[in-house]
Amino acid sequence: VDAYEQAIWLNQDDVESQRNHGIALNKLGRGDEALESLRRALARKPGDPDAIYNFGLACESLGKPQEAIQALRETVRINAQHADAWHHLGIAYEQVKNVREAAESHRQATLVKPDFTEAYEHLGADYRQIGQLQEAMQAWRQVARLKAEDPEAYIQLGAISRDMGRPQEAIERFRQALRLRPDDARAYTELGILYSTTGRAQDAVDALGQAVRIDPRQSVAWRTLGDTYLAASLNAEAADVFQRALRIDPRDQNSYRGYG
């Protein structure tokens with residue numbers, strides 16, 4: 001940053017130093033200063049694609065999604081092969097709850113860069129949120145291919161299989177996640193939820209018990225364990241675990257209903 005400031009002091013028309021100064025400031029988390037520096041670069045060289053892109057990134061990091069969208073849309077208009085710009089455009093659309101546009105932007109990112117793991121992760125989440133489960137599954141399969149040792153893709157695939165009414169397929173995917181990471185509390189929680197909703201009460205208790213032993217802050221696991229005990233008429237046990245869930249998340253309405 002200091003070197004760029006010296007270069008700018010020597011030559012106010014040095015657009016490259018002005019732009020790089022803004023980029024460096026944004027990387028340091030100094031977003032407001034970054035925007036000012038990038039604005040100065042764009043005033044001297046309107047249409048500079050790198051300055052426009054990094055202006056969009058700075059807006060995104062500052063929680064200014066509409067300005068980020070405007071800048072990033074201009075970036076991909078100038079260069080439709082800019083995979084990172086498509087991806088960050090998708091993130092900005094997510095920030096304004098425009099999930100369909102977010103999905104399309106992330107899809108474009110993966111078309112430009114077929115091994116773009118993070119874009120596939122967002123794409124899978126976006127598709128699941130708008131109910132396009134088959135497309136969500138395809139996206140998470142790509143993540144599993146690209147990150148074969150990461151259990152997250154299998155947790156997501158299991159959740160999608162559950163949403164699609166395929167419990168056995170979901171169980172296998174959650175188990176695959178646990179083979180990759182035997183102490184994954186989320187995988188045990190998801191497995192326990194599935195067992196609980198399919199009437200396998202003892203299996204649910206075992207899986208959820210594992211989840212809370214690994215991570216006692218798993219409020220969803222405690223609440224689902226309470227639901228499972230309640231369904232089995234074990235009211236005292238249910239009340240105890242609902243209280244535990246509420247100590248972790250005092251705003252959990254489902255735990256209040258169960259406790260009541």
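When a residue number appears, it is its place in the shown sequence, counting from 1.
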Q: Any side-chain donor paired with an acceptor under 3.5 Å for Y93 and R73?
A: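 Indeed, the side chains of Y93 and R73 share at least one donor-acceptor pair under 3.5 Å.
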Q: Can you hop from I160 to F174 via hydrophobic side chains spaced under 4.5 Å?
A: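 No, no single cluster joins them.
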Q: In the structure I gave you, are the side-chain heavy atoms of Y154 and R181 within less than 4.5 Å of one another anywhere?
A: no
Q: Please tell me if the side chains of R100 and Q132 come closer than 4.5 Å, counting only heavy atoms from C-beta onward.
A: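 A side-chain contact under 4.5 Å exists here.
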Q: Do I171 and L194 make a side-chain contact, defined as non-hydrogen atoms from C-beta onward lying under 4.5 Å apart?
A: yes
Q: So, D206 versus Q210: side-chain donor-acceptor pair below 3.5 Å or not?
A: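 Result is no, nothing qualifies.
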Q: Hey, are T224 and S196 close enough side-chain-wise for a donor-acceptor pair under 3.5 Å?
A: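 No, no side-chain donor-acceptor contact under 3.5 Å.
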Q: So, do I91 and H122 sit near enough that their side-chain heavy atoms are less than 4.5 Å apart?
A: yes
Q: Can you list the steps and then say if Y188 with L178 is a side-chain contact (heavy atoms from CB on, under 4.5 Å)?
A: CA-CA 8 Å; Y188 274 117; L178 288 166; 3.4 Å; yes
Q: Count I, L, V, M, F, W, Y as connected when their side-chain heavy atoms are under 4.5 Å apart, and connections chain through other members. Are I248 and L246 then in the same cluster?
A: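 Hydrophobic grouping puts I248 apart from L246.
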Q: Are the side chains of D252 and F242 in contact, using a 4.5 Å heavy-atom criterion?
A: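 With C-beta onward as the side chain, the pair stays apart.
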Q: Aromatic rings H87 and H106: how do their planes relate, parallel, tilted or perpendicular, breaks at 30° and 60°?
A: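 Geometry flag for H106 against H87: tilted rings.
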Q: Is the backbone N or O of V112 less than 3.5 Å from a side-chain atom of W86, with the two atoms forming a donor-acceptor pair by type?
A: no
Q: OH of Y256 to CZ of R251: how many Å apart, nearest 0.5 Å?
A: 9.5 Å
Q: Do D84 and F116 touch side chain to side chain, with heavy atoms closer than 4.5 Å?
A: yes
Q: Are the side chain of T197 and the backbone N or O of I193 linked by a donor-acceptor pair below 3.5 Å?
A: yes
Q: If you count every heavy atom of other residues, nucleotides or ligands that lies below 6.0 Å from E152 atom CD, does the total exceed 12?
A: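 Enclosed.
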Q: Distance alone, cut at 3.5 Å: any donor-acceptor contact between the side chains of R141 and Q138?
A: no
Q: What about W222 and L230, same hydrophobic cluster or not, with Ile/Leu/Val/Met/Phe/Trp/Tyr joined at side-chain heavy-atom distances under 4.5 Å?
A: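 No, W222 and L230 fall in different hydrophobic clusters.
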Q: Does any non-hydrogen side-chain atom of E94 lie less than 4.5 Å from one of V99?
A: no
Q: Rounded to the nearest 0.5 Å, what separation is found between the CZ atom of R128 and the CG atom of L133?
A: 8.0 Å
Q: Just do the side-chain contact (heavy atoms from CB on, under 4.5 Å) check on E60 and E67 with the steps written out, would you?
A: CA-CA 8 Å; E60 179 198 314; E67 292 179 60; over 6 Å; no
Q: Before accepting this row, confirm whether a basic side-chain N of the pair E190/R162 lies closer than 4.0 Å to the acidic partner's carboxylate O.
A: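 Salt bridge flag = yes for R162 with E190.
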Q: Which residue, E172, R173, Q156, forms the side-chain hydrogen bond (donor to acceptor under 3.5 Å, both in side chains) with S161?
A: R173
Q: Is D240 salt-bridged to R244, going by a charged N under 4.0 Å from an acidic O?
A: yes
Q: Is it the case that one hydrophobic cluster holds both L225 and Y259, taking links as side-chain heavy atoms less than 4.5 Å apart, direct or via other members?
A: no
Q: Between the side chains of E121 and K147, is the shortest nitrogen-to-carboxylate-oxygen separation below 4.0 Å, so that they form an ion pair?
A: yes
Q: On the 0 to 90° scale, with breaks at 30° and 60°, tag the H82-Y53 ring pair as parallel, tilted or perpendicular.
A: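 H82 vs Y53 ring planes: tilted.
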Q: Below 4.5 Å, heavy atoms only, C-beta onward: do D150 and V143 meet side chain to side chain?
A: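 Answer no - side chains too far apart.
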Q: Just by distance, do the side chain of T110 and the backbone of R107 share a donor-acceptor pair under 3.5 Å?
A: yes
Q: Using the rule that Ile, Leu, Val, Met, Phe, Trp and Tyr join whenever any side-chain heavy atoms are under 4.5 Å apart, tell me whether L89 and L111 fall into a single cluster.
A: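 As far as the 4.5 Å side-chain criterion goes, L111 and L89 are not connected within one cluster.
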Q: List the steps, then state whether side-chain contact (heavy atoms from CB on, under 4.5 Å) holds for D184 with I155.
A: CA-CA 10 Å; D184 194 307; I155 293 173; 3.8 Å; yes
Q: Begin with the C-alpha distance, continue with both residues' side-chain angles, and end with the deciding distance and a verdict on side-chain contact (heavy atoms from CB on, under 4.5 Å) for I78 and E74.
A: CA-CA 6 Å; I78 295 168; E74 179 63 12; 3.8 Å; yes
